[in-house]
Structures are given as structure tokens and as C-alpha cells.
Amino acid sequence: MKPLRKHRLLAPGAALFAAALLTSCSSDAPPESPGASASESQDDKATEQSKFFEQAEYDRQIKLADVTPEGPADKPWVQMLEPEMRDTAEFKKKGGLAGTHLCFSNAGVFNPWRQVGLKNMQAEVKLHKEITKFTVLDAQGKDDKQISDIEELTGKGCDALIVSPNTTATLTPAVEAACTKVPVIVFDRGVQTDCPVTFINPIGGYGYGSVAADFLVEKVKPKGKILALRISPGVDVLENRWSAAKVAFDKSELDVVDIKFTEGDTAKTKSIVADAISRHGQIDGVWMDAGATSVAAIEAFEDAGVDVPPITGEDQQDFLKAWKDKKLTAIAPTYPTFQWRTPVIAALDILAGKQVPKEWKLPQPTVTEENLDDYLQEGMPPLHYAMCGCEDLPGFPKEWGGK
Amino acid sequence: MTPTALAPSVLKPEPARRRTKLTDPAVGVWLAAAVVIVLGWLIVTIDGGSFFARANLTTILSNCVALGLVAVGQSAVILTGSLDLSVAYLISLGTLVAAETMQDGSVVTGILAVLALSIAVGLANGLIVTGLKVNAFIATLGTAFILRGWIEDNYTGPAGQVPASFRHLGYDRIGPIPVSIFLLAAVAAAAWFITRRTRLGHHMYATGGDEHAARLSGVRTRRTVVIAHIICSLCVGAAALFLASRLGAGAPWAGTEARYDLESIAAVVLGGTALAGGRGGVAGTLGGVLILAVLDSVFNQLSVDPFFKNVVRGVVIIAAVALYARRGRRSA
Amino acid sequence: MTTATSTPVSYKRVVSALGTGIPVYALLVVLLVAIAVTDPSFYELDRFLAFVKRAAPLVILAAGQYLVIVSGEFDLSVGAIVTAGVVVAAELYGSFTDSHWLVISLALVLGGAIVGLANGLITTALRVPSFITTLGMMLILEGAVFYWTGGSPTGVLPEDFRALGRNSAFGWLPWAVLACLAVGAFAVWLMRRDFGRTLMATGDSERTAALSGVRVHRVRVLAFVLSGVAAALAAILVGGFSGVSAQAGRGLEFEAITAVVLGGVVLGGGRGSVVAAMAGAFSLQALFTLLNLQGVSGALESTVQGVIVIAAVGLGAANWSRIRRRSNSSGGTPS
């Protein structure tokens, strides 16, 4: 009997539904400007090429590496490279900064880099008494959840919204929609729209990759065999690092014998390196697109009973310690975690109506033989990132797991 | 007891009788969902938030959609006594195919392409399970690996572009209700109708309850399992389409980062469907999905540490199933 | 299995045990030959032992997983136990810097046993399907460990703890290989004891086993405890081999189950041999090594893995039903 009753309900239901559609239909989709879809698809083509290599951006990053940043040298997180300032008077908070509600949509804390970063940001918030509420939503690495998070935050009365997008392309619509309601600050990965008030990031992947590759070109004899270890394909930042390294290696006389994906797994890294040593007889240099597994790679050489060749890593303590203890020939380009402090500062500047750069380019220091001792910090945990700029923050070093 | 003696009881559509009883797991699940909502509302209100704010309701509902679609599909295979671990990679591939096809062609061809892909994967899963007699766990894990290789070999990141017209599915709402919830409702209604009101559905319950007996009483169990897998993949395809409209592009990790494989199974079981098959249904699954979405929202409102969330989720899932087991034992 | 030829029943068991195992041994031989063709130096003692050492954690996990699967259950929490084990060991060393490695190792093993006990009790006493119990346990363990450490491990594993996974006895025989052999021998011994027989009977038919006096619950709980202990041992080896990592055990649960199933062990319980299960783990590791040596791109690796797993299990299923049909000619439908 029940289905029948359902059918009877269907007609009035449909009428109600149609009425509801007419009266209250609304969309959270970003406002569509005329011809937007055409220009968007062009944008997309451009980034598709950039996944492999984009000459102009490459040239820019290589040039930026030699630019002297503006701002105090002891506070790299407020420095800027070749800033192009913009007005923010339209975002000025009425009645002063007191009682500011800051919101942050985080892609997640799924790796130590992001964990250190989030601690930096939370500590930076504590420095500013005028921020009375700081709401963080964690998307746990899910694009779909981050879109909902951003929607939720725009309805929460935030004065400014900081976004660290999980994925560049897929978060663009959500950020565009948020821009119409609240000043948005994007950092780390970008979005494919210029609607955020400012986009904060360090020099970038090309700079990182070429610093590491140039080091090997200099230290390894010609015809030397290079092993390239990458985390995983498809991550834009990592793809850029590799494409810049490839440019350098192609120009040199080095022979890249293997390009392998480690998935950030230390055991897999050791296996890959051990196999590479036995397959190629010897390995004369190791290029890595991220530092998480560099200590595992070093151990694989030790376990195989051969000297560790010149190797690249990142500013994590375990690598720096191995570098010093074992007197390695090494270099550590960084993707500094101090960039997590900048969005809070930028947000307050924007709400105060101060000018900020349209694209806030931060310096991207490199750890070398000369300054290694400055960054090797006794008592900090092995996965801590040295370039955190967190030494002056409240709660250091305990909050970061140090002693 | 000979197997043929079991036959009549196997074929008789028990669900129709059980539906009205209070012991129906689905009723329990929805009651539990109601309790969770009330508790969530209380906690959030005490914390100083507003649970029934428009933005929050929209978030809860739209968070139900993707997981709900996958879980409805997963219910179909689990009812039939099978399992699908390939859903996460199928979602990823589905968003990529949708976005790429829509970029060059029309929305319709994009939808058709995704549905065709889903049918192909579902058919493959079903045939491997029934034809090669590979355990569903391994078979679908194998297809998951194959899809993963295909994705990683062909895509280096987000690809394609969804036209603005298609994004309405992901972003529009009527009052506080996202339109995508109607997609979920339609798919769930269709799945409910198939499982509860058609011969195929009765065969699915029979196959999941006791495959041997079902076969002896004339059910074409293999065909039923294959069709269940196709239904599941089609639901997953719908989830992929929804995610593509929401993300605006295809993403290789759209399905895997959210662990839709394990989450969907958790939601199904939370909804009172027996993992061994033969008992439960789509209605309960939706309740399970709602519970998970409400929990997520409450955690969000309270800014709970994401790692702690996992602990709570694990406890909730185990505790819920333990409760069902107790109830089941008492009423049996 | 030489003692088992006296009665027709045990003869059948031999046939069935070999029957389920044959494809995996064949697969292993094929893979090892293929590796030899690709790279003859693989069979130098050092490299071969290094291969076994690398396979050791998975082999141990497979042995533990076998016990659970043959009793008719699943253990999805082993990957999380490995991760938790490595992280907890590092944390313990962070707090008690000068602990003896044996103390920490015993603490881990005890922890693994407790997690296994919880899995077993929830599955048997509360009647929660093990798939759900261990899935929930996986979420709980991962969540709890990272909640405790704030997301990333803060300690370091000292050399003496790492020796077991990294160094060799007498300068040439890796400790991990010894551990692997010991676990294998123990598992074979265990399966020949009463425990093994009751475990098998429980997985085959819980009702029949219970009616014939087997304490079904206790047997299953014990299987889970042993699986937890195996996972803790694997954690010690993995932590030793590659050091602290927040993702030490990621995906290991599926690899272990795959390995067991490759070994012809039937999910749902009651059939299969533990040696074949461990051979399955070796096959899986050999497959990874071969793909790496062949220079197959990382992306296609998982595709090949998927195809081989399906093919091997499909082949096993086909073989199995044929042999069984032949061996009990009286009829009875293979399921």
C-alpha cells in the first residue's frame, strides 16, 4: 500500500519543490563574469605545461634567488622579494583591530612540515593580543572537505580568511566564492585566481630543485652516475623541483641513471638505493626532491659498505645531524616553514589597511657547509625543520617537541 | 537438513515483513542519528556555537553526498556478500575522466563517459569475483592496484576542467539544502527500490544470506553478484561526478585521500548492514553516513585535533557494531 | 607433513595443503628465475641475504596474519601496530634515554599482544566482525599515537635497538633473517600442535568445532594476540631497518593479507598452510625487487602487482577446486 500513497504525494510534492526552487534557489558558486569559462580554460592549459616546465617562471625564480630581500634580515618571514604593493583600504576593519576573528582553512597536518608550520602559526597568533579568536578547520588532506570548510568559515563572521590549499586547481572555485565575502590570504600552494588579497610563498620549486642540482653538478665528476629520488608524481611543487633539476642535469655531463619514487617511505628508499648501487656498480651523487628520506638513503650506502656520495636533503634535524656527524658532502635547500608566520602578519596588515604585496615572495635560504652549525639545533626532534623562524616565539622549544 | 529445504525461506522476501518492526536495524540507526544530532547540538551550543546555523546545515548535508553515494553502492555489494575496495581509485579516475571529457566535449558526454567507465570496472570486479572465483577482498584490491597504476601512469596532477554549468550540482542550494542532496536521494531511492522491491533485490539478499542455498533454489547467484558490482560502481561514478562538479577539475587523489574505500565500508556497517551479507539495507546506510557527517561537523565546530577525531571514529564504529551484535543476539 | 600419510583423511589434507600452495611456489620460482636472468649477481650470498632481510618484516606479518585468517578472521590493524610500534619506541627512548634495547623491545611485544588481545576480545565476546574491529583499531591506534606525539615522532632510535633490523650476526647473517627463520619455525611448530588443528577447525566450521569441544573464542583470541605480537616484531625490524618514520607501517596490512592469500590461504578460514603464506610474502617482495630491477616505472608497478595478485589467486582457486574434486570422488560441491 505504501508505494501507492507515495505516488499520491508526488504531485503536491513536486509542486512544493518547484516553488521552493523558484523562491529560494541560491548558489554558493563563485560569481561568473562574462567569458570567464573561456579564459579559465586557457589558464588551465598554461598550468598543464607548467607541471613539466614553464620557462618564464623558471627564469623568474632563478633571478629571485639572487635578489636581496626587502625587510629586516633577522626576520625572513616579513621580508619580501621584489614586492608589488597593493592598496587594502577597502578591507580596513572598522573600529580598529581589537577583537579580530581570524580563520584558517588548513589542508591538513599530514606531514612534519605542516605540523611545524601550524605550530608556528598558532604561536604567531599568540603574539598578537588583538586577535581574540582563531578558528582552524583541518581538511585532513581532502579537497572536498576543504571546500566545505571554506564555505563554513565564510559564514562564521571571520574578519579574514587564511587558506593553505590542498590542491591548486580544485580549491580555486571555493576560494573565488570566499573572496566575495571576506579578505582571503593564500599561502604555500596557490590558486588559479588572483582574487585573494595576497598570495604568500617562498621563491619556489624551481629555485629549490636547481640549487640541489647545481651543487651536484659542481661536486660530482663528469660522467658521474646520479640517482634521483622523488616522493611521488603529480604534486606541483615537487614536479617543479624535478623539472628545474632536469634542466641543470641535461646541461651538465652527469648521467642520471635512475629516477625513482619513494612515496616518502624510508624502507622503500633503502631498498631502492641498495638496488641502484648493485645495479649500476656505484652511485656518484643523490638528488632528492624532499628531505624526508635522505637519512634512509645515507644509511643504504653505509649498509652497502660504500662511501656516501654527495647528497642533497632538506633542513630537517636528522639530516643535518647525519651530515655533520658523518662529514658528508651535502646541501639542503629549504622550503621554509617560517612562511606559516607570514599570513597572520599579512592578515593584520590588511585589516589595518596597510599596503601588502600582491604576491608576497619570501626568501628561500639554503643550508650549506658554512652555516650548517647555525641550523643544527641540539635538543630538537629529528623531524623538526630548522628553517622555522620559531626560536623567538612563545612556547619554544617545548611546543615544537624540543628540550 | 537438505539444502533444498531451505529454499522457500531463502526466496521469501523477508525484508517486507521486517520493515515495520522496531528491531529493524535501520530504525535503530536513525534513532542513533537523532541522538547524535541532539547531543551534537547540545555540545556545540554549550561551547558557544550554533549548530543549526544555515552554513552548518549545508555543510553537514553536502558532506553526506560523496560518502553517501559511495556507501549506497557499497551496501549493494555487501548485501550480496561481496565487497568493493576499488571504490577510492574509481572515484579518482572518475573525476579525471569527467573533467577531461567535459573540457573538450559536453557535460552529457562527460557523464556518459564516467558511467561507462563505472560499468566497465564494476563488470570487471564482478567477473573476477564470480568467474575467476577470487575472493572479493583480493579481487577488488587487485582492481584498485590496477586503477592506481593507470592513474599514476597517465596523470601527474589535477587535470581537465568542469564547465560552470556543471558546477551548479556541487554549489547550488535551495535554502539550506544543497541540490546535490537530491542526487543522493535519487540514487538512494533507486537503490532502495532495486533491493527491496524487485526480484533482483530478493536475489541479492538471498545470495548474501546463503549463496549455496540460493543457488540450489534457482537464483543465478553469479549474475546477481556481477550486477551488484555494477550497481556499486555506478553509484561510485555518481560520487565521482559530484566531486568533479565540486572540485571543478579532476584530481588523482580525490578518492584516496578521503579513504572512501574503508570509510564507505565503515558507514555501511555503522548503518546496520551485516558485513557477511544478507541483512541490512540502504536506509540504514544513509543513517550511518549522517552520523559520520554530524560527528565530523561537531568536531569541526569544537576544533578537535584531527588525530583525536580518528580515535573517536574508531571507537564509535566498534561500539556501534557491538551494540547491533547485542541487539541481534537478544532478538534472535 | 610427512607423518600425515597414514590415514586417508590426512592424506587428503596433504594433497589439499600442497594443492593450495602449488601456485605460490611456482610463482616464487618463476620470479626468482626472472630475477636471476635480469641480474645474475642477485644470488651472491650478500645480496640474497639482503633480500631476505628486506622481506623479513612482511614474512613475519604474513605468518601472524595467517593465524588470524585461517581461523576465519581478518587483522587490518597490523600496519597501524607497526607504525605505532616504531613511533612509541622512539618516544620511549625520548623519555628514557638509556633504556636497554631488550626492555624497549619487550615493551613493544607486550603492547602488540595487548592490542591483539583487545582485537580478539572485541571480535569474540562482543561479536563485532573482525574486519570492523581491526579497522576501528587501526583508526584508534594511528589517531592515538599521533595525537600523543603531536603529529610526528620526537625521539630517535639508538644504534643498539636498530641492530636487530640493520646489522648482521657473525658479520654476514642479518639478525632479521634469523628472526624470520625463528618465527617461521615457531609458526610451523604451532600449526602442528593441538592449537593449530583447533585453529584450522575453527576457521573451517565454527559450529562443528564448538560442538566437538574446541573453545572457539579462546583459540581466536590467541590468534589475534599472536598476530599482534608478530606485528610488534615487524615493528622492531622495520624501525631497525629504516629508522623513525611516521609512516613505517602504511599499507602493510593489505600487503600482509595479499601475501597470505597469494599463498593459497582461503579468506574465510579453514584452509591453507603457513609455509605457503610466508612463501606468498617472499613472492610479493621478489615481485617488487624484480619490477625495480627491470626499471618498471613506479606508476605501472602497482598495475603489475594488481594483475599478478588476481591472476595468482584466480589460478589457485581453479587448481584448488579441480584437485579437491578429484580427491573426494564421493561428490560434495566445492564452494
Side-chain angles (χ1 to χ4, degrees), chain A residues 2-3 17 20-30 32 36-37 40-41 43-45 47-48 51-52 106 108-110 134-145 147-149 151-156 166-174 176-177 192 232-236 239 261, chain B residues 19 49 53-56 58-60 62-63 65-66 95 99 103 151-153 155-165 167-168 170-175 177-179 182 193 197 242-243 246-254 257-259 296-297 299-301 303-307 309-310:
Chain A
K2 270 212 169 137
F17 176 61
L21 264 176
L22 284 174
T23 51
S24 61
C25 183
S26 47
S27 176
D28 292 333
E32 214 61 54
S37 52
E40 263 171 45
S41 59
D43 278 0
D44 193 66
K45 286 222 176 67
T47 51
E48 237 173 60
K51 258 157 224 152
F52 302 99
N106 192 4
V109 282
F110 37 75
F134 181 52
T135 310
V136 184
L137 291 189
D138 187 300
Q140 295 173 282
K142 304 171 196 173
D143 290 345
D144 183 38
K145 179 160 190 305
I147 292 171
S148 308
D149 284 351
E151 285 178 345
E152 195 178 328
L153 287 173
T154 51
K156 271 201 162 173
N166 193 47
T167 306
T168 298
T170 57
L171 264 302
T172 302
E176 277 176 337
Q192 293 165 342
S232 54
V235 182
D236 39 11
E239 289 287 345
F261 293 105
Chain B
R19 196 159 43 87
R54 206 276 305 152
N56 201 36
T58 311
T59 309
I60 292 177
S62 65
N63 278 350
V65 177
T95 61
Q103 189 172 19
I151 293 170
E152 288 182 354
D153 201 40
Y155 298 95
T156 57
Q161 174 97 31
V162 170
S165 59
R167 278 200 215 151
H168 289 297
Y171 285 92
D172 284 11
R173 59 190 162 75
I174 300 165
I177 299 168
V179 293
F182 295 110
F193 184 78
R197 286 285 174 272
F242 163 70
L243 282 175
R246 194 121 168 104
L247 305 178
W253 46 81
E257 285 288 10
R259 283 190 177 177
D296 244 1
S297 159
F299 291 149
N300 244 3
Q301 298 264 325
S303 302
V304 172
D305 184 296
F307 297 118
K309 265 186 217 179
N310 280 344

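So that the names make sense, note that chain A is the first sequence line, chain B the second, and so on, each numbered from 1.
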Chain A interface, residue from B:V304, B:I177, B:N63, B:D305 that has the most non-hydrogen pairs under 4.5 Å: B:N63

Option that, when pairs with chain B are counted at under 4.5 Å, heavy atom only, ranks first among A:L137, A:T168, A:N166: A:L137

Under 4.5 Å from a heavy atom of chain A, the part of B:A254 involved: neither

Atom group of B:P252 that falls short of 4.5 Å from chain A, counting heavy atoms: neither

Set of salt bridge (Lys or Arg N to Asp or Glu O under 4.0 Å) partners for A:K145, sequence neighbours left out: A:D149

Any donor-acceptor N/O pair, B:S297 side chain to B:I60 backbone, under 3.5 Å: no

Check: B:R246 side chain, B:G170 main-chain N or O, donor-acceptor pair, under 3.5 Å: yes

Under the ring-ring contact (aromatic ring centres under 6.0 Å, His included) test, residues paired with B:F307 that sit two or more places apart: C:F146

Distance, nearest 0.5 Å, that separates CG of B:L247 from CG of A:D144: 6.5 Å

Largest heavy-atom contact set with chain B, pairs under 4.5 Å, which of A:I147, A:D138, A:T154: A:I147

Region of B:D296 in contact with chain A, defined by heavy-atom distances below 4.5 Å: side chain

